[in-house]
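Structure, as structure tokens:
Counting starts at 1 for both ligands and their atoms, in listed order. Owing to the predicted nature of the structure, the values given are computational and were not obtained by experimental measurement. In this chain, numbering begins with 1 at the start of the sequence shown.
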Amino acid sequence: MLWQICLVLLAVYYCMWRWKNRDIIKLSKQLPFPYTCLPFIGHAWLFIRRGKDPIDTFRLLADEAHKRNGITSFWFGNNLYVNVADPYAADKVMKTSLEKDEVMDLVRPLIGNGSIFAPVTIWRPRRKVLAPTFGQKTLNNFVKIFYKQSAILADQLQSVAGKEKFSIFSYVTTYSMDAICETTMGVNVNAQGNINHPVLKAFNGFCQMSAARFVCPWLHPPSVYKYMPNYSTYVKHCQLLKNFVDKIIKTKGQEINNDWNNNVEPDDNLELREETLVMVLAGTDTSAVGASFTMLLLARHPDIQEKVFQEIAHVCGNSEHPIETDHLPSLKYLDAVVRESLRLYPPVPVIVRKIETPTTLPSGLTLVPGVGVAINIWGIHRNPDIWGPDANEFKPERFIESTLKHPAAFMPFSYGPRNCLGYQYAMMSMKTVIATIIRNYRILPAEDQELNSCASKANLEVKFEIMMKHVNNFQIRLEKRSINECI
Ligand code: HEM
């Protein structure tokens, strides 16, 4: 008798759910996705297939979208996501839907209402306060620090040059953290003194655990996740990161000794803590991933690396001369190389938005309130209708010889009013550090076989850890250059 009642209740709940979501269900039928949709979990099973990384599913979604005018949809648990790999549709969504999807609540235990994932009402005033920090004049003054920290990195790399393969990411991420902390907060945390810096390890751990949780909708409710065996490690990572930022705030507060009350507990500075965390976390690994992918690609394309080296020598002189603010705009080929690398390997491969009001796309399709949108940056950047049949190939010249077909065709830093605040900052920082490494070292692939024409054209193997990373942790080899090479 009991099970019959349960069955009836379930059937009633299901019918009510279908009625309430009838517009969303109708939309899903207009945007087919040819994979089995299971009860309760929808297509989430695709993200946890044995032997596959979640990034393979984002790639699959991109390919399916490319076959259907750049757009498809998938069910993730009980939520429908429209998967967009077309810049025209992305342009409309990113300009009109500023609210982030609830799936981003997963990072709240760490950054609370930090602007990057905050509701629009909290985000808007905070963005107004933060934006002036990234004015061109301020950024120009940062280049001295980028160069100083890059030179420290180049020195550190002497210990691995001419030896076995190693992870360039482990080094660049320490550069990136030192640069962020010194430029945005005026503190020197000397992460470069310790490539196993606990903060970087904790952030890495947090990203890995969040990515694993992200793809399993049944682990999203905090009431479930707290019973997971590794939950205590997750809490430890969050606490370590918060403590690190609190320490910076306290040190800085004491240093400037203004009307700041040094006895105030960090929790009273919640907004400051949240935004400092956003700055350190949004800026450190993203730039390090971007610079590391670029170096991996240059290792596989020695001809392109040589062109970059010649340009740096021509614009900046030999490695005894510092790289200066005025040099960066003249490093046009390097700029194209970095952009092409960000196109093929966007550090943030997917971003999400929530539709709150009916939104009609240029194709005439109307997205209904309640639906999530996954902007598949990977898919937009590799859309053959936009980038041509050679969309998967590394060809920096495409950023020099032609203009973008649509401004949203290239969006590693997101797009629209809620795009990345650190866009210019990141480009300047990455160009400075890559130029400093290349003028001192020749970058070689981890294995010589990677240089044969087939291997060098193949996609790099990647994995999803909120950010997209290289499966082998960005391994390369370095060979010291002689100063006389710069002629
Ligand atoms: C290659 C490096 C970087 C990449 C690929 C990147 C990418 C992104 C993306 C995709 C978003 C938007 C997410 C969304 O729309 O949902 C974002 C937001 C943001 N990024 Fe970056 N970022 C990079 C570097 C930086 C740096 C260096 C900083 C700071 C110094 C920074 C600060 C921010 C902030 C504050 C936001 C939130 C903006 C807002 O919501 O108003 N980013 N970034």
request  = Classify the angle between the aromatic ring planes of F293 and Y345 as parallel (below 30°), tilted (30 to 60°) or perpendicular (above 60°).
outcome  = parallel
ask   = In the protein, what heavy atom is nearest to atom 21 (Fe) of ligand 1, and what distance, to one decimal place, separates them?
value = C420 SG, 2.3 Å
ask   = If you measure from each non-hydrogen atom of V352 to ligand 1, which part falls under 4.0 Å: side chain, backbone, both or neither?
value = neither
request  = Examine ligand 1 and decide if any of its atoms is less than 4.0 Å from a heavy atom belonging to R353.
outcome  = yes
query = Between I180 and ligand 1, which residue portion shows a heavy-atom distance shorter than 4.0 Å: side chain, backbone, both, or neither?
reply = side chain
remark   = Quick look: I351 vs ligand 1, heavy-atom contacts under 4.0 Å, and the answer is side chain
ask   = Does some non-hydrogen atom of E275 fall short of 4.0 Å from ligand 1?
value = no
message = Among all the protein's non-hydrogen atoms, which is closest to atom 14 (C) of ligand 1, and how far away is it?
response = K100 NZ, 3.1 Å
Nearest neighbour in protein (non-hydrogen) for atom 35 (C) of ligand 1 = V278 CG1, 3.8 Å
ask   = How far does CZ of R273 sit from CD1 of I249, to the nearest 0.5 angstrom?
value = 7.5 Å
key: Nearest candidate to atom 7 (C) of ligand 1, where distance is taken over non-hydrogen atoms, out of S414, P412, P417   = P412
task = Measure up the H43 and F33 rings against each other and bin them: parallel (under 30°), tilted (30 to 60°), perpendicular (over 60°).
result = perpendicular
request  = Compute whether any side-chain donor of one residue and acceptor of the other, for Q424 and Q136, lie under 3.5 angstrom apart.
outcome  = no
message = Does any N or O of ligand 1 fall below 3.5 Å from an N or O anywhere on S287, backbone included?
response = no
key: Closest approach of any protein heavy atom to atom 26 (C) of ligand 1, naming residue and atom   = G283 CA, 3.4 Å
message = Test your reading of the structure: does Y425 have an N or O sitting under 3.5 Å from an N or O of ligand 1?
response = no
Considering only distance and modelled atom types, tabulate donor-acceptor pairs under 3.5 Å from the side chains of residues 197-212, sequence neighbours left out.
residue: H197; atom: ND1; partner: V199; partner atom: N; Å: 3.1
residue: N204; atom: OD1; partner: K469; partner atom: NZ; Å: 2.9
residue: Q208; atom: NE2; partner: E465; partner atom: OE2; Å: 3.3
residue: S210; atom: OG; partner: F206; partner atom: O; Å: 2.8

request  = Could you tell me whether K100 sits above the aromatic face of F117, with NZ or CZ closer than 6.0 angstrom to the six-membered ring centre and within 45 degrees of the axis?
outcome  = no
message = I'd like to know whether ligand 1 has F134 as a neighbour, heavy-atom separation below 4.0 Å.
response = yes
inquiry  = So is G290 touching ligand 1 or not, going by heavy atoms under 4.0 Å?
reply    = no
inquiry  = Cation-pi check for F394 against R300: NZ or CZ below 6.0 Å from the six-membered ring centre and within 45 degrees of the axis, yes or no?
reply    = no
message = Nearest 0.5 angstrom please: E340 CD to E397 CD, how far?
response = 9.0 Å
message = Test your reading of the model: is there a side-chain donor-acceptor pair from E99 to the backbone of E356, 3.5 Å cut-off?
response = no
inquiry  = Below 4.0 Å from ligand 1: does a non-hydrogen atom of V289 turn up there or not?
reply    = no
request  = May I ask you to identify the nearest protein heavy atom to atom 6 (C) of ligand 1, giving residue, atom name and distance to one decimal place in Å?
outcome  = F413 CD2, 3.7 Å
query = Using the ring of each side chain (for Trp, its six-membered ring), is F76 parallel, tilted or perpendicular to Y81, with breaks at 30° and 60°?
reply = perpendicular
ask   = Counting only heavy atoms, which portion of F117 has something under 4.0 Å from ligand 1: side chain, backbone, both, or neither?
value = neither
query = Hey, is R418 touching ligand 1 through its side chain, its backbone, both or neither, going by heavy atoms under 4.0 Å?
reply = both
inquiry  = Against ligand 1, does M411 come closer than 4.0 Å with any heavy atom?
reply    = no
task = Classify the angle between the aromatic ring planes of Y425 and F146 as parallel (below 30°), tilted (30 to 60°) or perpendicular (above 60°).
result = perpendicular
